[in-house]
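What you see is a predicted model; the values in this text were computed from it and never measured. Naming: A, B, ... by sequence-line order, numbering from 1 per chain.
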Amino acid sequence: MILLKRLPLIVTLGLLIHGFTFVAYAQEKIVVVTNRNNDVQAMDKKGLIDLFMGKYSAFPNGKEATPIDVELEGELKSQFYQSLVGLPLARVNAYWSRLKFSGRVKPPAIEQTIDDIKLRLEEDESALAYVYESYVTDNMKVVFRFD
Amino acid sequence: MINVRGLGFRFFLFLVVAAMIVVLVTAEFFYRATYENEINEANNDIEELYQTVGATASIAAFLEDEDLAKEAINGLVKTKKILAASIKSEALYYQANVTEAINKDTEPRIFVVRHPFMPEESLAEVKVYPNFEYIIQQADKISTDNSYSLYVEALVVGIVALFITYYIIISPMLRVGRSLHKITPGTKERIDIPDYHAQSEIGALVQDTNELLNKVEEQFTQERQLREEIEFLEKRFRMLFENAKTATVLMAENGIIELRNNAFNDLVEKIGLGVKQGYGELLDELFETPDAMKSALKEAFARNEFATGEYKLKSSANDSAIWVQLIASPLLTEDGERYYQLALNDISSRRQELQKLALQADFDALTGIYNRNGGEKLITKLMKKEHQFALTLIDLNGFKAVNDIYGHDAGDEVLIFVAEQLKEKIRKNDVAIRWGGDEFVLLLQADDEESVKSVIEKVNTGVKQPFYFNNDTKPTVVSMSVGVAFYPQTSCNLHALIKSADIAMYKAKQNKIAAPDDYLFFAAPEIIDTERNQ
């Protein structure tokens with residue numbers, strides 16, 4: 001009875017949340033970037049998965065690759081993994097926590113903020129990171145775009 | 001409590017055996033069902049098991065990580081339902097137990113391992129070999145357990161059925177049976193209907209039995225009454241029979257006496273024969289002339305009539321003769337057996353009496369020869385038979401004087417003497433009769449005067465002998481005058497005949513002093529004719 005009385009409220013709330021999310025997606029596109037000097041010009045999704053999910057630690061051309069996660073930009077990270085492997089962050093974390101025991105496979109390196117990522121990308125040629133499209137600077141080379 | 005041959009045990013046995021057979025038959029179906037079920041379940045289980053390691057396998061295939069692959073495969077093989085498993089991708093191969101599984105010709109289930117992040121891409125395949133041996137064993141175990149539990153159930157049902165039948169059927173039946181056993185038929189005792197069985201078959205049985213007992217009692221009562229009546233009658237009949245003065249026997253055809261009374265035993269004792277089983281056919285051992293008796297009886301029996309007759313019984317020399325009146329009747333039982341009823345009435349005394357009476361009537365008490373009455377009967381009889389004879393009338397001369405002088409006793413003595421002389425001197429077929437007073441008649445078998453004369457002379461010689469009374473020195477002599485008439489020459493009529501003889505005798509009497517030797521005269525036939533004409 002109580003639930004029925006409050007049904008309109010629940011529906012409204014639901015719609016609001018949904019609309020908000022949709023707005024967020026629509027707001028920012030995520031791109032995968034490398035050091036400007038990196039030989040890799042473009043990557044496909046599979047290649048990104050292989051690197052970010054620990055299968056390979058090198059670019060297809062054989063050069064070392066260091067995928068980087070952003071620790072404090074939860075929204076970005078979440079959106080990225082959702083787009084890349086279709087999994088929520090919790091599942092991705094679980095995946096890694098499971099693989100850490102074996103030791104052979106390494107999770108992506110961690111930077112705290114977008115600014116740290118920017119710095120890292122400038123310094124580290126092997127770095128591979130994801131940012132909102134709007135953050136892309138001249139020092140970055142976009143190798144993949146999520147549509 | 002349990003009778004091995006009783007209904008309860010039989011019921012129990014049949015029930016259990018039937019249940020066992022059903023279990024036996026259904027066990028096979030159960031087994032098949034269980035087997036298929038187990039296989040299906042095992043397949044499901046394998047699928048589920050694969051689901052649990054699927055993610056690991058997927059990651060292993062993605063990362064080409066052997067440790068993870070091992071983990072996944074070992075995880076599968078760890079369960080008993082899986083005999084072997086293998087994972088194979090382009091870069092990775094790991095297996096556990098597969099050789100054994102292939103040796104056992106086990107068909108594997110194949111699972112496609114998808115890319116963990118790009119499900120549309122398949123990376124490897126996992127082969128899972130079910131442990132059919134184990135599954136079958138499980139199925140066997142389950143169906144065996146099922147069968148066992150069914151057997152136990154059948155047994156339990158049997159025992160429960162036994163108890164139920166015992167309490168519902170057998171126990172009340174036993175109670176009914178026991179009380180029926182104790183009941184004496186014909187009494188007022190009845191069987192109680194067991195509790196709660198008023199409407200049941202047992203109740204109906206008890207009611208019917210009680211009704212039967214009612215009828216039996218009724219019949220018993222009737223029979224008892226009848227028996228009492230019969231006993232009463234029998235007692236009376238027995239009294240009648242046993243105390244009867246008439247010796248009576250019931251005899252079989254072969255002469256064995258079936259029934260006899262005291263009078264009969266007394267009779268046989270009396271004639272010196274001991275009491276024994278039989279006395280020959282128709283008691284012939286008892287009789288002096290058995291042949292006559294037997295023929296008379298058999299003749300009557302042949303006509304299916306009763307026979308009666310008077311017969312003399314055998315007797316030892318010193319006993320007086322016993323005469324019986326025998327009444328014999330043939331009896332035919334319902335079974336067609338032949339019996340004889342013989343009644344022997346002792347008529348000895350009556351017969352003696354009769355004989356005495358007859359003697360008194362026909363004989364002279366003093367002399368013992370025929371008297372006039374007997375004589376006349378005899379003459380009539382001879383006449384009837386048309387025997388020729390000579391009627392000789394004798395009158396004594398001098399008898400009156402003896403009577404007067406010496407008294408009646410002397411007279412009687414004379415009469416006895418004369419009678420003896422007459423008896424002595426006549427021939428065998430001649431008869432002497434005291435006609436009355438001092439008159440005698442001789443019936444001589446003769447048709448001519450000569451033969452009469454010769455007999456009469458002898459008689460005369462005898463009679464004329466002198467005898468002495470009271471030591472008297474003077475002898476007394478009695479003479480006789482005789483008149484003779486012939487039958488049938490003289491007359492055919494008795495009175496005429498006697499009268500003729502009387503006339504002839506009278507003539508002779510007239511000569512008794514003048515010509516004592518001319519004492520015999522014959523009657524003239526012509527007179528007879530006139531007599532007859534009268």
Ring centroid separation A:Phe146 to A:Tyr130 under 6.0 Å: no
Between B:Lys141 and B:Asp145, is there a salt bridge with N-O shorter than 4.0 Å?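 Counted as a salt bridge, because a side-chain N and a carboxylate O are separated by less than 4.0 Å.
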So for A:Lys46, is it side chain, backbone, both, or neither that comes closer than 4.5 Å to the heavy atoms of chain B? both
Does any backbone or side-chain atom of A:Leu87 lie under 4.5 Å from a heavy atom of chain B? Answer side chain, backbone, both or neither. side chain
B:Glu71, part contacting chain A, at a heavy-atom distance under 4.5 Å: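 Contact with chain A involves the side chain of B:Glu71 alone.
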Does a donor on one side chain sit under 3.5 Å from an acceptor on the other, for B:Tyr31 and B:Asn146?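 No, no side-chain donor-acceptor pair sits under 3.5 Å.
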Side chains of B:Ser143 and B:Arg32: donor-acceptor distance under 3.5 Å anywhere? no
